[in-house]
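Chain identifiers are assigned alphabetically (A, B, ...) following the order of the sequence lines, protein sequences preceding nucleic acid strands; residue numbering begins at 1 within each chain. Please read all numbers here as calculations on a predicted model, not as lab measurements.
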Number of protein chains: 2
Amino acid sequence: MSAQAILRNCGIQPTPQRIAVVNFVLNTTSHPSADDVLECVRKECPTISRATVYNTLNLLVEKRLLRTQVLREGTIVFDPNIELHHHFIDEESGKIYDISWDAVQITCGTSLRDFEIREMQVVMKGRRRKGK
Amino acid sequence: MSAQAILRNCGIQPTPQRIAVVNFVLNTTSHPSADDVLECVRKECPTISRATVYNTLNLLVEKRLLRTQVLREGTIVFDPNIELHHHFIDEESGKIYDISWDAVQITCGTSLRDFEIREMQVVMKGRRRKGK
DNA sequence: AGATTTGTCTTGACAATGTCTAAATCCATA
DNA sequence: TATGGATTTAGACATTGTCAAGACAAATCT
Ligand SMILES: [Mn+2]
Ligand SMILES: [Mn+2]
Ligand SMILES: [Zn+2]
Ligand SMILES: [Zn+2]
């Protein structure tokens, strides 16, 4: 679906700036920071401002097209994968990989009965195996 | 063990500032930010500077008496629990609770074979049940 | 068309977090 | 007590994120 259609679908006026942000951030698996988004979108749309990038990202989060994740020091990252899933962080490269929900089986014991869990994820760190 | 002994044990000169930081940060389960540490330590040691708090915390991390955790937006938190464990974040209060490693059973499927996992933790969010 | 309104964008100010440097201070030892 | 290395402090700086004011653009009305 086109960025324009996506934006109109949730009642956001499609502007060149917003279209550029959507085209990048809804089609990446790289878990970019706002600054990463700014950097990439400026190639398409050199005059876009930091505030517009933040405004658009926050709009997309509000409309549930995007989620924020607390996975990197110093900045939140944006994730177009809004299904339940886990994350693997490559400690060499810093790259963040999505891990499908089904790849891990989690069983909580009874000692957690005092916690009403509304969501959870596994955060793994290590090294992505090179080669095939 | 006294803060002085702990510091001397890992070759750090015990100073009043460092002792105050150690006394707070190695004896809390609250997962404080550097700023939280500064705020609390200033009660004991009113002239301590931000730089000294950061320096001491980073020293303690280097000496493995403390770990950093990426669990809150905008700041890292410090955790004196250096054993493997999980975390539960109360979305109402923002409080972070330690969950013992054994409280959760995790089984990774074969789809993770390309990832060399060096550590992992479950991050849960929800609400701590009130009452007993 | 010309004027008005509305929404969007940009700029720059601001606060918070974290690192770094230079200067002051402290302190263990001679 | 004098001295030199370690420690602390204050402030500068970079980065991240929010906000408000004004510039700008597009649609609406006369
Ligand atoms: Mn970047
Ligand atoms: Mn605080
Ligand atoms: Zn993801
Ligand atoms: Zn913990």
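In this structure, A:Q17 atom CD and D:dA25 atom P are separated by 11 Å, rounded to whole Å. Taking atom CG on B:D35 and atom C1' on C:dT19, their separation rounds to 15 Å, with Å as the unit. Put simply, CD1 on B:I76 is 10 Å from C1' on C:dT17, counting in whole angstrom units. Per the geometry, CG belonging to A:L59 stands 15 Å off C1' belonging to D:dC19, to the nearest Å. A straight line from CD1 of B:I12 to C1' of D:dT7 spans 13 Å, rounded to a whole angstrom. When rounded to the nearest whole Å, the span between CD1 of B:I48 and P of C:dA24 equals 21 Å. The nearest whole Å value for the distance from the CZ atom in B:R8 to the P atom in C:dC27 is 14 Å. Taking atom CZ of B:R72 as the reference point, atom P of D:dG17 lies 15 Å away to the nearest angstrom.
Comparing D:dT8, C:dT19, D:dT16 by their nearest atom to the side chain of B:Y54 picks out C:dT19.
Nucleic acid contact class of A:T52 (heavy atoms, under 4.0 Å, all strands): base. The residue A:S33 sits apart from the nucleic acid: no heavy atom pair falls under 4.0 Å. Contacts of B:R50 with the nucleic acid, taken as non-hydrogen atoms under 4.0 Å apart, include base atoms.
When each of B:T75 and B:Q13 is assigned the nucleotide of DNA chain C bearing its nearest heavy atom, the one mapping closer to the 5' terminus is B:T75. In this structure, B:A51 and A:V77 both approach DNA chain D, and ranking their closest nucleotides by distance from the 5' end singles out B:A51.
Annotation: ring-ring contact (aromatic ring centres under 6.0 Å, His included) contacts of A:Y54 (sequence neighbours excluded): none.
The line from CZ of B:R129 to CZ of A:F115 is 10.0 Å long, rounded to the nearest 0.5 Å.
Taking 4.0 angstrom as the limit, A:T15 places a side-chain polar atom (N or O) nearer than this to OP1 or OP2 of C:dC9. An OP1 or OP2 oxygen of D:dT18 is reached within less than 4.0 angstrom by a side-chain nitrogen or oxygen of A:N58. Look at A:T47 and you won't find any side-chain N or O under 4.0 angstrom from OP1 or OP2 of C:dC9.
Connection of A:V22 to A:L38 is established within a shared hydrophobic cluster, with ILVMFWY side chains joined at heavy-atom distances below 4.5 Å, either directly or through further cluster members.
The existence of a salt bridge linking B:R72 and B:D36 is confirmed by a sub-4.0 Å separation between a basic side-chain nitrogen and an acidic carboxylate oxygen.
Geometric assessment of A:R128 against the ring of A:Y97 yields a positive cation-pi assignment under the 6.0 Å and 45° thresholds.
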